[in-house]
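Proteins get letters first, then strands, A, B, ... in listed order; numbering begins at 1 in each. Values below: every heavy atom of this structure, side chains too, minus hydrogens, waters and symmetry copies.
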Amino acid sequence: MVDKDEKIKSLQEMGFPGDEVDRAINICGVDASMDVLIDSIHASQHEATNMSFGGRKEEKIMEESKNKRKLYRGRVQGNQPRRRLDGSQENSMRLPNPMTGFSLPNDRHRLPPVNRSLPEEAKGRPFFYYENVAKALKDTWSTISENLHGIKPEFVDSQNICATARKRGYVHNLPIENRLRLPLPPQTILETFPHYKQWWPKWDDRRKLNCLQTVKAPATVTEWIQHTLASSTSPPTASVQTQILNECRKWNLVWTGKNIAAPLEPAEIEQLLGFPINHTREVSMTDRYKSLGNSFQVDTVAYHLSVLKTMFPNGMTVLSLFTGIGGAEVALHRLGIRLKAVVSVEKSEVNRRIFRGWWGQTDQQGTLIEFDDVQSLSNDLIEYHTRRLGGFDLVIGGSPCNNLAGSNRHHRSGLQGKESCLFFHYRRILRVVKSVMATMCEEGAASY
DNA sequence: GACAGTATGAAGCAGGGG
DNA sequence: CCCCTGCTTCATACTGTC
């Protein structure tokens with residue numbers, strides 16, 4: 001309590017309003033360091049500024065968006081913050097189109113080589129890799145970037161790598177030269193599921209699926225499609241085709257029989273996302289859809305991580321935050337990188353069970369240490385494990401997207417949201433690891 | 001309590017017509 | 001330039017069944 005009161009007092013002395021200080025402490029926890037709290041308040045004020053347009057927003061927003069459009073037209077990702085016409089700093093971040101990242105494993109896009117320079121304090125070990133949804137609310141990615149050494153995100157749509165869309169941003173300090181050209185998964189829906197070809201209507205021109213989400217289509221949708229087609233001409237009128245295709249796109253339906261457009265099964269989603277088939281088999285159907293919908297596209301992440309293979313020939317020590325069903329570990333394993341030790345933090349018991357199952361199935365010989373909540377992973381505990389394991393080679397994770405994702409009708413509240421604010425714990429934990437490793441380095445030098 | 005099923009828009013961008 | 005249409009989106013809350 002004394003600690004808490006002191007923090008409140010000094011934050012207020014710094015000029016922050018009391019209610020915002022309270023909110024920051026509620027969000028980040030009493031144990032959060034001062035700089036985490038300060039950043040949280042800044043993020044909050046940032047969002048409040050933008051939200052205050054609400055109600056009488058039109059002109060201002062329209063004006064801004066027009067200006068941005070001008071400023072950003074034709075820009076590529078990864079360059080410097082821009083300035084508005086009036087000279088003020090622009091802190092929105094425009095998504096690149098097409099969303100190809102710094103490079104792709106197939107050369108179809110003929111991307112020019114990207115030259116990026118990392119700030120000195122962000123270079124080298126520990127490497128870190130942070131992930132979240134690309135289409136978050138305005139200014140979200142600016143805040144994330146500012147809190148991770150100002151490194152610009154690499155935005156990639158996984159449909160450039162596999163048969164399903166997944167638009168994500170990745171902030172990392174990995175080298176981007178000499179990524180490995182791994183064997184790619186099937187590139188289209190029907191290459192992935194050739195047995196559906198016999199039922200696929202000619203007027204359904206989809207080659208890629210949309211983003212895989214956490215729930216499957218209700219039977220009312222598939223029944224409506226079946227009924228509509230049965231009582232329709234063959235082929236159906238253009239208007240009927242459009243309506244049905246809209247539903248197919250919205251729910252990622254595939255043609256599994258005559259007039260039957262069905263949701264994907266969990267095993268098919270596992271395949272699309274690059275997991276071993278039946279990776280999630282031991283849990284309920286509802287949980288499988290949810291866990292898979294929340295996970296990495298493994299081929300995409302593996303492509304980025306592939307530069308680590310030659311750097312760590314004897315394996316890696318990994319701090320895995322928001323582990324989920326272990327997308328990062330599956331990617332490293334597929335690259336043939338030995339997991340010497342993994343400290344994993346994952347709140348969901350279901351996900352921990354799936355991950356432990358994979359760990360056993362693949363006969364991992366390394367050490368696995370599990371925690372259930374980033375909020376209870378104190379700085380002391382991080383220091384203890386960092387020292388004990390000789391430092392971490394990689395800090396990896398995607399913090400909750402619940403309050404950022406477009407599908408959320410109820411609480412799309414940005415980085416201040418109940419779950420998505422855990423991003424600030426990723427930042428906190430990364431900072432502690434870096435600081436402890438720097439100290440270890442000095443101690444090592446001093447002992448010689 | 002576990003599990004399955006169903007209803008529930010908005011935000012933001014891209015593009016085109018006038 | 002304005003205004004409109006189209007498209008996509010790691011979800012939540014509630015109900016019912018067993």
Side-chain angles (χ1 to χ4, degrees), chain A residues 47 50-51 53-54 57-59 61-70 72-75 92-99 130-141 155-159 164-170 206 208-224 242-243 245-252 263 266 269 272-273 275 280 283-298 300-301 322-325 327 348-351 397-414 417-420 422-423:
Chain A
E47 299 204 347
N50 294 327
M51 279 199 286
F53 292 140
K57 53 185 178 185
E58 269 68 10
E59 289 133 334
I61 286 190
M62 289 305 284
E63 189 181 337
E64 266 198 351
S65 106
K66 291 293 155 48
N67 289 342
K68 279 171 194 160
R69 214 162 285 184
K70 270 187 198 163
Y72 287 130
R73 183 81 65 186
R75 296 275 198 156
S92 268
M93 199 171 287
R94 194 171 180 74
L95 298 177
N97 183 21
M99 205 179 277
Y130 174 82
E131 178 263 10
N132 217 320
V133 292
K135 291 166 72 160
L137 286 177
K138 251 189 183 20
D139 295 324
T140 298
W141 277 106
F155 290 109
V156 185
D157 187 342
S158 292
Q159 73 162 325
T164 187
R166 213 167 183 74
K167 297 172 180 60
R168 297 293 181 269
Y170 306 89
R206 290 176 299 157
K208 306 274 187 181
L209 291 161
N210 275 336
C211 184
L212 303 169
Q213 301 196 201
T214 56
V215 287
K216 67 170 183 173
T220 44
V221 172
T222 55
E223 281 163 10
W224 173 81
T242 305
Q243 285 181 50
L245 268 178
N246 277 339
E247 294 301 314
C248 287
R249 275 195 261 263
K250 189 195 298 179
W251 293 104
N252 270 327
I269 299 178
L272 287 162
L273 291 179
F275 285 91
T280 61
V283 303
S284 75
M285 291 296 257
T286 310
D287 284 337
R288 291 181 76 178
Y289 281 106
K290 182 168 182 181
S291 294
L292 286 163
N294 280 312
S295 79
F296 285 171
Q297 206 289 323
V298 172
T300 307
V301 174
F322 316 101
T323 301
I325 60 176
S348 154
E349 164 58 27
V350 164
N351 285 344
S399 61
C401 67
N402 307 28
N403 310 117
L404 311 176
S407 306
N408 192 334
R409 277 115 146 120
H410 301 278
H411 314 290
R412 197 184 182 191
S413 42
K418 191 152 60 80
E419 285 84 24
S420 293
L422 294 179
F423 160 72

Subject >> NZ-SG distance between Lys135(A) and Cys401(A), expressed to the nearest 0.5 angstrom >> reply: 13.5 Å
Original post:
Among side-chain atoms of Ser158(A) and Arg166(A), is any donor-acceptor pair under 3.5 angstrom?
Top reply: no
Original post:
Under 4.0 Å between a side-chain N or O of Asn210(A) and OP1 or OP2 of dC7(C)?
Top reply: no
**OP:** Tell me whether the OP1 or OP2 atom of dA2(B) has a side-chain N or O from Ser284(A) closer than 4.0 Å.
**Re:** no
Subject >> Short side-chain N/O contact from Thr286(A) to OP1 or OP2 of dA4(B), under 4.0 Å >> reply: yes
Original post:
Would you say dT8(C) has OP1 or OP2 under 4.0 Å from some side-chain N or O of Arg249(A)?
Top reply: yes
Original post:
Taking only N and O in the side chain of Ser407(A), is any of them less than 4.0 Å away from OP1 or OP2 of dA11(C)?
Top reply: yes
Subject >> Integer-rounded Å distance: dT12(C) P and Leu404(A) CG >> reply: 11 Å
Subject >> Side-chain N,O (Lys138(A)) to OP1/OP2 (dC13(B)) below 4.0 Å >> reply: yes
Original post:
Is His410(A) near enough to dG9(B) that one of its side-chain N or O atoms lies under 4.0 angstrom from OP1 or OP2?
Top reply: no
Original post:
With both distances kept under 3.5 Å, what pairs with dG9(B), Watson-Crick or G-U wobble?
Top reply: none
**OP:** Using a heavy-atom cut-off of under 4.0 Å over every strand shown, decide if Ser399(A) touches base, sugar-phosphate, or nothing.
**Re:** base
Subject >> Per Arg409(A) side chain, nearest of listed nucleotides dT12(C), dG9(B), dC10(C) >> reply: dG9(B)
**OP:** Could you tell me whether Cys211(A) contacts a base, only the sugar-phosphate backbone, or nothing, with contacts defined as non-hydrogen atoms closer than 4.0 Å?
**Re:** sugar-phosphate
**OP:** Let me know the distance between NZ of Lys216(A) and P of dA4(B), rounded to the nearest Å.
**Re:** 9 Å
Original post:
Whole-Å distance between dC7(C) P and Lys167(A) NZ?
Top reply: 14 Å
**OP:** Tell me the partner of dC10(C), counting only Watson-Crick (N1-N3 plus N6-O4 or O6-N4) or G-U wobble (N1-O2 and O6-N3) with both under 3.5 Å; none if nothing fits.
**Re:** none
Original post:
Distance check: side-chain N/O of Gln213(A) vs OP1/OP2 of dA11(C), anything under 4.0 Å?
Top reply: yes
**OP:** Determine: side-chain N/O of Arg168(A) to OP1/OP2 of dC10(C), distance under 4.0 Å, yes or no.
**Re:** yes
Subject >> Worked verdict on Thr280(A) versus Phe275(A) for side chain to side chain contact (heavy atoms under 4.5 Å, CB included) >> reply: CA-CA 9 Å; Thr280(A) 61; Phe275(A) 285 91; over 6 Å; no
**OP:** Would you please confirm or rule out a distance under 4.0 Å between OP1 or OP2 of dT12(C) and any side-chain N or O of Asn402(A)?
**Re:** yes
Original post:
From the list dA11(B), dT12(C), dC10(C), which nucleotide is the closest neighbour of the side chain of Leu137(A)?
Top reply: dA11(B)
**OP:** Could you say whether Lys290(A) or Lys250(A) is positioned toward the 5' end of DNA chain C, judged by the nucleotide with the nearest heavy atom to each?
**Re:** Lys250(A)
Subject >> side-chain N/O Thr220(A) vs dA7(B) OP1/OP2, d < 4.0 Å >> reply: yes
Subject >> Rounded distance in Å - NE2 (His411(A)) to P (dT8(B)) >> reply: 17 Å
Original post:
Pick the nucleotide of DNA chain B nearest each of Trp251(A) and Arg412(A); which residue has the one closer to the 5' end?
Top reply: Trp251(A)
Subject >> Side chain proximity check, Ser291(A) to Val283(A), heavy atoms < 4.5 angstrom >> reply: no
Subject >> 5'-most by nearest nucleotide on DNA chain B - Ala405(A) or Lys135(A) >> reply: Ala405(A)
